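This structure is a prediction, so every number in the text was calculated from the model and none was measured.
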Amino acid sequence: MTTAPAALRGLAANPSLPSDLLPALLARTRRAARHPGLPRPLMESVLREADGRTGIELARNPALPDDFRPRLATHPDPWVRAALVNFSEDLAPGVLDRLLTDPDPQVRTFLTRRKDLPPRAAGRLAADPAPEIRAASAAHPALDGAVRLRLLADPDAAVRDAACAAGPVPPALLPALLADPATRARGVAHLHPLPPGTAAELAADPDAAVRREAARHPGLPARLIEALGRDPDPGVRARILARKGTPGALRARIHAELTAGAEAAADVDAFLDDPDAALEGLDHALALKGIGGAELAWVRDDPLPHATSPYAFFRRAAAGAGDALPPGVVARLLDDADQGVRTAMAAALPSLAPGVVERLERRHRHSAKDRTRPADLHPLPVEVLRRLAGDAEPRMRELAPRDPGLPAGLAAALAADPEASVRRAVAGHPLLPVAALVPLLADGDEHVMEAAAAHPGLPVDVMRRLVRAGRDG
């Protein structure tokens with residue numbers, strides 16, 4: 001019988017894995033190149049291999065010796081060099097200089113995302129021959145003012161657009177930026193005050209991106225708010241919906257229109273019957289999702305009137321005021337019908353009673369967009385966690401292994417739970433008995449297997465058996 005790839009990956013992360021097993025494990029799974037105990041001779045062998053995928057794993061090794069980084073920086077596979085950029089805690093000056101001139105644009109693009117770049121390096125990327133690199137570097141915090149000005153006048157439209165979005169923009173440059181199709185939309189946000197004639201011109205612009213920026217501008221006249229509230233572009237209408245001062249009737253009509261479109265996009269049968277209409281509805285859904293962040297700062301500044309808003313995104317923004325809200329309002333938002341409101345309220349509070357957290361958890365449903373649970377924000381006490389080990393709901397039982405002193409009997413019971421998510425939650429618990437841990441290596445869920453194989457308490461003889469029986473993962 002061969003060992004499942006998931007178990008091999010788990011072994012590769014196991015801090016208790018004997019070093020003499022690493023050569024055989026490396027022959028069976030590339031993931032072993034990440035192991036912090038990997039000996040230098042094995043690292044050397046990885047560098048000699050033509051297979052760049054193993055080199056990528058080596059670049060992710062947290063114990064990689066400093067003298068290996070210059071060699072990885074010249075590795076023939078660009079994805080190895082990209083992994084070095086993405087996973088190294090720091091890059092020595094010589095390594096950084098080599099990567100700044102890397103022949104692969106993707107490697108240099110990843111460099112622009114490192115916030116620890118010195119001004120010299122950020123400036124070199126802002127002068128890169130490839131326009132996509134200059135555009136990616138435009139928002140880097142290490143750029144000085146002179147470099148930012150140069151990017152605003154870059155010959156490439158995408159670079160000018162990125163530089164305008166990053167700001168700040170000198171007022172003297174605004175006329176040129178508004179006249180430039182590439183920066184016209186971004187330039188609107190920097191236009192203060194907004195002259196009436198310019199406002200009308202922007203609200204009638206054929207480019208929807210320009211109209212969207214005009215729709216969120218605080219100086220927009222009332223008559224143009226009404227006009228843009230009927231704009232054919234859902235994104236424009238969404239910004240009118242979210243802005244301060246929009247008349248209630250207009251706000252309600254826009255919300256109804258966008259909500260109806262979003263619901264149509266979620267209807268599978270409707271999509272099959274009329275794909276074009278469903279795709280249009282998707283634009284409505286995306287417009288609604290885009291409401292938030294800086295656009296709703298005015299709600300957070302004066303949250304109380306919006307805590308009872310019929311619109312969930314306003315209530316979420318109001319919840320961000322936290323315990324500055326009256327206790328009755330806090331309680332109401334913690335019991336809101338919208339999960340996003342409840343989570344926002346819980347996140348904004350410094351503490352929360354265990355009973356309230358448990359109630360929130362019972363109503364909480366998994367979200368692919370936000371995996372944060374109420375118990376992540378406010379950890380439950382041990383006595384509650386132990387009681388939840390026997391709860392009827394699997395999602396509640398998943399919380400029990402958060403008890404650092406989980407009794408062995410409860411841990412073993414959770415390891416035999418019918419729900420894979422519960423077994424996965426307990427598989428890495430340090431107090432899980434070996435007799436309950438070993439069967440998880442043959443679990444039907446690969447995440448459970450991987451977590452069990454990574455357990456530092458796994459007996460060495462079991463590790464040896466898994467490595468001997470392994471196959472490439």
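- Side-chain N or O atoms of H429 include one that pairs as donor or acceptor with a backbone N or O of D403 at under 3.5 Å.
- Summarising the geometry, atom CZ belonging to R395 is positioned 5.5 Å from atom CD belonging to E361; distances are rounded to the nearest 0.5 Å.
- Looking only at side-chain heavy atoms (C-beta outward), P141 and K115 come within less than 4.5 Å of each other.
- Residues G52 and H75 come closest through the heavy atom pair CA-CE1, 4.2 Å.
- Using a 30° and 60° split on the angle between ring planes, F313 and H255 fall in the tilted class, from 30° to 60°.
- With values rounded to the nearest 0.5 angstrom, L84 atom CG is found 14.0 Å from W79 atom CH2.
- Rounding to the nearest 0.5 angstrom, the gap separating the CZ atom in R160 from the CG atom in L151 is 11.5 Å.
- Residues G322 and V330 approach most closely at O-CG2, 4.0 Å, considering heavy atoms.
- With hydrogens and angles ignored, the 3.5 Å screen pairs a side-chain donor or acceptor of Q339 with a backbone N or O of R365.
- Salt-bridge annotation for R81 and D104: absent, with no side-chain N of the basic residue lying under 4.0 Å from a carboxylate O of the acidic one.
- A salt bridge links E257 with R237: at least one charged nitrogen is closer than 4.0 Å to a carboxylate oxygen.
- Across L304 and P326, no two heavy atoms sit closer than the pair CD1-CD, 3.7 Å.
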Next on the checklist: Evaluate R184 against D205 for salt bridge (Lys or Arg N to Asp or Glu O under 4.0 Å), listing each step before the verdict.
Outcome noted: CA-CA 10 Å; R184 185 170 173 82; D205 198 282; 2.6 Å; yes
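- When side chains are defined from C-beta on, L250 counts as touching R253, because their heavy atoms get closer than 4.5 Å.
- I225 has its side chain within reach of R243: a pair of non-hydrogen atoms, C-beta onward, lies under 4.5 Å apart.
- R9 and E450 are joined by a salt bridge, as a carboxylate oxygen and a charged side-chain nitrogen come within less than 4.0 angstrom of each other.
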Item to check | Verdict with reasoning, R402 to D376, per salt bridge (Lys or Arg N to Asp or Glu O under 4.0 Å) | outcome: CA-CA 10 Å; R402 298 187 179 200; D376 298 332; 2.7 Å; yes
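- Closest approach of V384 to P354, counting heavy atoms only: CG2-CB, 4.5 Å.
- When the shell of 6.0 Å around CD of E383 is examined, it contains more than 12 heavy atoms from other residues, nucleotides or ligands.
- Side chain of R134 to backbone of A126: no donor-acceptor contact under 3.5 angstrom is found.
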Item to check | Working for side-chain contact (heavy atoms from CB on, under 4.5 Å), residues R239 and L228 | outcome: CA-CA 9 Å; R239 282 162 176 77; L228 289 175; over 6 Å; no
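- Side-chain contact check for H447 and R423: no donor-acceptor pair (N or O, by modelled atom type) lies under 3.5 Å.
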Item to check | Candidate pair D102 and R108, rule salt bridge (Lys or Arg N to Asp or Glu O under 4.0 Å), full reasoning | outcome: CA-CA 7 Å; D102 195 280; R108 305 197 306 277; 5.6 Å; no
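- Among R216, H217, R211, the single residue meeting the side chain to side chain contact (heavy atoms under 4.5 Å, CB included) criterion with E213 is R216.
- The minimum heavy-atom distance linking V236 with R212 is given by the pair CG2-CG, 3.5 Å.
- To the nearest 0.5 Å, the span separating CZ on R371 from NE2 on H366 amounts to 4.5 Å.
- Remark: R53 does not engage D77 in a salt bridge, criterion side-chain N to carboxylate O under 4.0 Å.
- Side-chain atoms of E132 and P105, non-hydrogen and from C-beta on, do get closer than 4.5 Å to each other.
- Look at R120 and D97 and you find a salt bridge, because one of the NZ, NE, NH1 or NH2 atoms lies within 4.0 Å of a carboxylate O, short of that distance.
- When all heavy atoms of E89 and R114 are compared, the pair lying nearest together is O-NH2, 3.2 Å.
- Using a 4.0 Å cut-off between a side-chain N of Lys or Arg and a carboxylate O of Asp or Glu, D417 and R397 qualify as a salt bridge.
- In this structure, the separation between CG on L333 and OG1 on T343 is 12.0 Å, given to the nearest 0.5 Å.
- In this structure, the side chains of E358 and L388 come closer than 4.5 Å at one or more pairs of heavy atoms.
- Proximity of a side-chain donor or acceptor of H190 to a complementary backbone N or O of P170 within less than 3.5 Å is not detected.
- Annotation: the span from D66 atom CG to D90 atom CG amounts to 7.0 Å, rounded to 0.5 Å.
- The residues R148 and D144 are annotated as not salt-bridged, no charged nitrogen and carboxylate oxygen being separated by less than 4.0 angstrom.
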